[in-house]
Structures are given as C-alpha cells and as structure tokens.
**Q** 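My questions all concern the structure below.
Lettering of chains follows the sequences in order, A, B, ..., and the numbering in each one begins at 1.
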2 protein chains.
Amino acid sequence: MEQLVADIFARDCTSRPTLEAVAGKWGILALAALHDGSFRFNALRRKVDGVSEKMLSQTLQTLERDGMVLRDVQATIPPRVEYSLTPLGHKVAEKLVDLIELVESEMPQVHEAQSRYDAS
Amino acid sequence: MEQLVADIFARDCTSRPTLEAVAGKWGILALAALHDGSFRFNALRRKVDGVSEKMLSQTLQTLERDGMVLRDVQATIPPRVEYSLTPLGHKVAEKLVDLIELVESEMPQVHEAQSRYDAS
DNA sequence: ACTAGCGCTTTCTAAAAGTTAGTGTAATTC
DNA sequence: GAATTACACTAACTTTTAGAAAGCGCTAGT
C-alpha cells in the first residue's frame with residue numbers, strides 16, 4: 001500500500017512537503033542566498049533580513065534533510081557551522097532565483113493591479 | 001519616506017508578500033492548475049486535491065489582487081465564476097511549473113537524502 | 001421534503017510562526 | 001572578577017494563520 005504518487009495535484013504526492021519547504025517563505029530566501037555562495041549561520045541570518053534564529057534553524061534543518069543543503073560542522077571554539085548548496089540544491093535554487101527575479105521585475109505591474117483592485 | 005525596496009533579502013521589500021503568495025502552498029498549485037486552462041471555483045478545488053474552500057477562496061483573492069488571476073463573474077443561477085491567468089500570471093506560472101517539474105523529477109534523490117538524514 | 005449544484009463566508013479549533021530567554025565555551029575589555 | 005561579545009543553536013510562551021466544519025440563498029431534480 002506504499003504508494004508514491006508523482007502528481008503534485010494529489011494530496012498524497014510525496015513532493016508536496018518538499019515543494020512547500022523550498023518555495024516557502026524562508027526556504028526560498030535561504031536557498032537564493034546560498035545560491036551566491038556558502039554562509040555561516042549568523043551571516044545567513046543577517047543576509048535574510050527578518051528571519052529569526054528559530055525559523056532559520058528550522059528551515060535549514062528541513063532543507064538539509066531533503067538533500068538541498070550541506071551542513072559542515074567544524075569542531076572549533078566558538079563553533080563554526082557552514083551551510084552550502086548540494087548539486088540538487090543548486091538546481092532548485094536556480095529555478096527559485098529565476099522566479100524571484102521575475103516577480104521583482106514585475107512589481108510595478110503588481111502595485112498597479114493592487115491599486116485597481118483596492119479601488120473596486 | 002515611501003521607500004520601495006527592490007531587494008528580496010530586505011525585510012521591507014515590497015515583493016516579499018507577492019512572492020509568498022505565488023510560491024506559497026496553495027498559490028503555487030492554483031497557478032500551476034490555471035496554467036493548463038481556466039477553471040471554475042469547485043473544479044479548481046477538485047483539481048488541487050486537499051485545499052479547503054476557505055483556503056482556495058483566500059488564495060484566489062490574493063492572486064487576483066496581485067494581478068496574477070482574472071475572476072470572471074457571470075450573473076447566472078447558480079452563480080458562475082471562472083478563474084484564469086492574466087498575462088503576468090502566465091509568466092509566473094511558467095516559472096512555477098518549471099520548479100514543480102524539477103522537484104518532482106528529483107524526488108528519488110530527496111527520498112534517499114531523507115533516509116540518510118534520518119539514519120544519522 | 002430532501003439532495004445537489006453553485007461560490008463563497010463565518011465560527012471555532014489546531015497547528016505553525018514568531019518572540020524572548022536560555023545554553024555552554026572561549027575571548028576580550030573594563 | 002564582571003560584563004560583553006562571538007558562536008549556533010534550543011526551549012518556553014504568545015500570537016497568528018491554517019484548517020475543519022457549518023452556514024448562506026437560490027434553483028433544479030428526485
């Protein structure tokens with residue numbers, strides 16, 4: 001009865017949680033940042049303005065588990081943990097960066113649409 | 001003092017809510033479904049298995065406001081509301097479909113990674 | 001009368017996000 | 001010594017959002 005549904009529209013599709021993680025609020029930003037190079041925890045937190053330690057830690061954990069992110073721990077004092085993208089993570093991040101760039105470039109259109117909507 | 005920040009990494013960037021909407025759990029699925037053609041409300045709900053009326057309604061409202069989705073109301077009994085993508089929504093949906101297809105095709109890798117992670 | 005279709009909206013509960021404080025080691029400054 | 005800083009998280013509590021279920025009013029069919 002182990003059914004791996006490969007249809008994103010089906011509620012049981014196993015890719016749904018993964019898609020939610022990579023495209024989610026903090027996942028997309030973390031992956032986009034890591035697309036430009038590896039980061040240590042607090043550096044990544046400063047880059048992704050607005051994310052809490054908790055949400056970042058949680059997000060990175062999920063992304064690591066899904067095979068998108070590599071967590072390299074060095075036994076130093078103070079501790080040193082470096083995050084980077086796996087090859088898979090890199091492929092996904094490229095798509096995410098494309099999406100981000102498109103949305104950013106279309107924001108004037110979005111703002112117009114919002115004003116029109118709010119006036120109706 | 002009206003500062004439209006065009007950097008997705010900045011917490012005040014106006015594209016953040018829009019990105020969250022299109023890439024969010026239900027937004028991405030609704031846009032991907034609409035990429036294949038227009039749908040009436042309940043047809044869309046049946047297509048995107050697992051979404052509640054409430055979440056779908058809310059999602060479509062946000063997407064309409066952002067200019068991604070067109071809502072065509074016909075004054076019939078019973079009411080007939082048809083949702084379709086705007087040109088902007090179509091551009092965005094294409095990127096989303098790319099992402100979805102990539103993630104779907106890489107799920108065996110993801111599952112492997114998850115097993116490795118859970119065993120460590 | 002009851003059921004079904006339509007496209008939502010409202011009310012309540014459950015889950016997740018977010019805020020704040022905490023952990024332990026070491027180094028630096030007063 | 002005490003206080004502060006760096007590091008990478010984690011725990012406890014509060015707030016927000018998602019989700020579940022019921023509701024609305026109209027019509028048509030059984």
**Q** Any chain of hydrophobic side-chain contacts (each under 4.5 Å) joining A:V97 to A:M107?
**A** no
**Q** Report the nucleotide, chosen from D:dC7, C:dA17, D:dC9, that has the shortest atom-to-atom distance to any side-chain atom of A:R40.
**A** D:dC7
**Q** Nearest of D:dA6, C:dT19, D:dA8 to any side-chain atom of A:R71?
**A** D:dA8
**Q** Measure from the side-chain heavy atoms of A:M55 and tell me the nearest of C:dC8, C:dG18, D:dT10.
**A** C:dG18
**Q** Can you check the B:E53 CD to C:dG5 P distance for me, whole Å?
**A** 12 Å
**Q** State, with a plain yes or no, whether a side-chain heavy atom of A:L29 is found less than 4.5 Å away from one of B:R16.
**A** yes
**Q** Which one, D:dC7, C:dC6, C:dT9, comes nearest to the side chain of A:R46?
**A** D:dC7
**Q** Verify the contact: side-chain N or O of A:W26 to OP1 or OP2 of C:dG18, cut-off strictly under 4.0 Å; return yes or no.
**A** yes
**Q** Just call it for A:S52: base, sugar-phosphate, or nothing, with non-hydrogen atoms closer than 4.0 Å on any strand.
**A** base
**Q** Let me know the distance between CD of B:E20 and C1' of C:dA17, rounded to the nearest Å.
**A** 12 Å
**Q** Is the backbone of B:Y117 close enough, under 3.5 Å, to the side chain of B:S120 for a donor and an acceptor to pair up by distance?
**A** yes
**Q** In whole angstrom, what separates B:F39's CZ from C:dC8's P?
**A** 16 Å
**Q** Check this one for me: any side-chain N or O of A:K25 less than 4.0 Å away from OP1 or OP2 of C:dG18?
**A** yes
**Q** Can you tell me which nucleotide in D:dA8, D:dG19, D:dC9 comes closest to the side chain of A:N42?
**A** D:dA8
**Q** Atom CE in A:M55, atom CG in A:L60: separation rounded to 0.5 Å?
**A** 11.0 Å
**Q** Any side-chain heavy-atom pair from A:L19 and B:E104 closer than 4.5 angstrom?
**A** no
**Q** Select one nucleotide: of D:dA11, D:dG19, C:dC8, the one nearest the side-chain heavy atoms of B:K54.
**A** D:dG19
**Q** Nearest whole angstrom, please: distance from the P of D:dA6 to the CD of A:Q74.
**A** 20 Å
**Q** Counting only side-chain N and O atoms of B:R80, is one of them less than 4.0 Å from OP1 or OP2 of C:dG7?
**A** no
**Q** For the pair made of CZ in B:R45 and C1' in C:dG7, what is the distance, rounded to whole Å?
**A** 11 Å
**Q** Let me know the distance between OH of B:Y83 and P of C:dC8, rounded to the nearest Å.
**A** 3 Å
**Q** I need the CG-P distance between B:L29 and D:dA18, as an integer number of Å.
**A** 14 Å
**Q** In this structure, how many angstroms lie between the C1' atom of C:dC8 and the CZ atom of B:F41, rounded?
**A** 6 Å
**Q** Could you work out which one of D:dC7, C:dC6, D:dC9 sits closest to the side chain of B:P79?
**A** C:dC6
